[in-house]
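Here is the structure we will look at.
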2 protein chains.
Amino acid sequence: MISGKFAITTHILTLLTKFPNDYLSSEFIAGSINLNPVLVRKEIANLKAHHIVESKEGKNGGTKLAVDASKITLKEIFEMTFENINLGYAKNQPNPDCPVGKKINQNLSSLYADMNQKVSLQLEGITLEDFSNQF
Amino acid sequence: MISGKFAITTHILTLLTKFPNDYLSSEFIAGSINLNPVLVRKEIANLKAHHIVESKEGKNGGTKLAVDASKITLKEIFEMTFENINLGYAKNQPNPDCPVGKKINQNLSSLYADMNQKVSLQLEGITLEDFSNQF
DNA sequence: CATACTGTAATAAAATATATTACAAATGTA
DNA sequence: TACATTTGTAATATATTTTATTACAGTATG
């Protein structure tokens with residue numbers, strides 16, 4: 001199972017891009033995603049830590065973009081929410097006394113590293129503005 | 001969380017490639033992966049359904065490759081265990097009355113489709129033989 | 001000073017992944 | 001034939017992760 005973080009964060013940012021001059025409340029955003037507002041605020045906390053958005057507390061508060069949508073790429077969103085793409089690892093430490101068990105994770109990692117490079121290249125070419133313009 | 005299916009199946013197939021003339025037991029394979037043998041047998045059932053391996057029941061039974069390792073690519077393993085790569089979706093149906101909610105999943109899907117194409121191209125170029133030769 | 005927000009912690013519920021137990025059926029071998 | 005070993009598969013339990021909810025302190029606005 002893959003968490004919805006990337007999708008949720010992208011959804012949030014798309015909304016903020018569509019209303020660049022408004023402070024949107026977590027309640028409003030949650031209504032579009034159909035998600036609990038607390039979880040929206042958590043993802044926003046992550047975006048704030050990366051200085052992508054800014055929030056205002058109190059009445060009529062909310063969140064807006066801190067950076068122009070043309071300056072943010074999907075790669076950055078990916079990195080903020082996903083770390084890196086991979087096809088998974090077995091849960092337990094494989095048997096180090098077996099030549100395959102000993103190197104399997106290392107070999108998978110290097111496969112996944114290549115994968116990330118390709119995916120990153122793709123995502124790097126798409127700005128938040130590009131993505132938002134599809135709506 | 002990403003399940004270990006791809007990693008586990010690749011591990012199994014690497015072992016079978018290393019011992020192309022033997023029927024390996026699920027117990028033996030499980031010992032290398034450090035995984036419950038029942039789960040190994042489940043992944044093997046999947047491989048059998050795809051005619052990649054064959055099994056023999058009873059004493060001295062086990063599993064061996066049914067196809068030469070040079071004829072199997074990581075893309076096939078990927079497709080048997082993962083379906084397609086993506087960065088996830090929000091769990092709940094987004095609000096269809098919001099222009100963004102209405103199209104977000106569709107736009108994410110098309111992004112992920114591109115991603116799959118790139119990843120597939122990479123995995124297609126690596127045979128099980130190639131992968132196994134790294135050990 | 002009442003209202004409407006954010007921020008965050010604590011806890012609960014739901015979903016998924018992995019592990020275990022159990023046993024029928026198959027097959028090799030003494 | 002009888003026994004041991006192995007697959008195949010179902011049922012159930014445990015662990016982990018993801019999402020949801022509740023609660024409430026703090027902050028800004030009017």
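Below, chains carry the letters A, B, ... as their sequence lines are ordered, and counting in each starts from 1. Predicted model, so just to flag it, every value in this text is computed and none were measured.
The side chain of A:Arg41 lies closest to C:dT8, out of D:dT9, C:dT8, C:dA19. Distances were taken from every side-chain heavy atom of A:Val38 (C-beta onward) to each of D:dT21, C:dT6, D:dT16; the shortest belongs to D:dT21. The side chain of A:Lys91 lies closest to C:dA19, out of D:dT9, D:dT19, C:dA19.
Atom CG of B:Leu35 and atom P of D:dA15 are 16 Å apart (whole Å). What separates NZ of A:Lys5 from P of D:dT18 is a distance of 9 Å, to the nearest Å. Taking atom CD1 on B:Ile2 and atom C1' on D:dT16, their separation rounds to 14 Å, with Å as the unit. D:dT16 atom C1' lies 19 Å from atom OH of A:Tyr89, rounded to whole Å. As rounded to whole Å, 14 Å separates atom P of D:dT7 from atom CD of B:Glu54. For the pair A:Tyr23 OH and C:dT6 P, the interatomic distance rounds to 12 Å; values are reported in whole Å. Taking atom CG of B:Asn36 as the reference point, atom P of D:dA10 lies 16 Å away to the nearest angstrom. Rounded to a whole Å, the CG atom of A:Leu39 is 13 Å from the C1' atom of C:dT11.
Among the heavy atoms of the strands, none lies under 4.0 Å from B:Thr63.
No donor-acceptor contact under 3.5 angstrom links the side chains of B:Ser55 and B:Tyr23, judged on distance only. A donor-acceptor contact under 3.5 angstrom links the side chains of B:Asp130 and B:Thr127, judged on distance only.
Heavy atoms of other residues, nucleotides or ligands lying less than 6.0 angstrom from CD of A:Glu27 number 12 at most. The number of heavy-atom neighbours closer than 6.0 Å to CD of A:Gln93, taken from other residues, nucleotides and ligands shown, is 12 or below. Other residues, nucleotides and ligands place no more than 12 heavy atoms under 6.0 Å from the CD atom of B:Gln117.
Checking B:Lys42 against B:Leu24, the closest nucleotide of DNA chain D that is more toward the 5' end is the one next to B:Leu24. Each of A:Ser3 and B:Ser25 has a nearest nucleotide on DNA chain D; the 5'-most of these lies closest to B:Ser25.
The phosphate of D:dT7 (OP1 or OP2) has no side-chain N or O of B:Ser55 nearer than 4.0 angstrom.
The aromatic rings of B:Phe78 and B:Phe6 lie perpendicular to each other, with more than 60° between the two planes, well past the 30° mark.
For the atom pair B:Ile52 CD1 and B:Leu65 CG, the distance stands at 8.5 Å (nearest 0.5 Å).
Each of B:Thr63, B:Leu15, B:Val40 was scored for a side-chain contact (heavy atoms from CB on, under 4.5 Å) with B:Leu24, with one residue passing: B:Leu15.
The closest donor-acceptor contact from the side chain of B:Asn86 to the backbone of B:Tyr112 lies at 3.5 Å or more, if one exists at all.
Of the residues in residues 6-22 of chain A, none has a non-hydrogen atom less than 4.0 angstrom from any atom of DNA chain C.
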Return the polar atom pairs (N/O with N/O) between nucleotides 28-30 of chain D and the protein under 3.5 Å, or none.
{"from": "D:dA28", "atom 1": "N3", "to": "A:Lys59", "atom 2": "N", "distance (Å)": "3.3"}

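Close placement of the A:Phe131 and A:Phe135 rings is indicated, their centers lying within 6.0 Å of each other.
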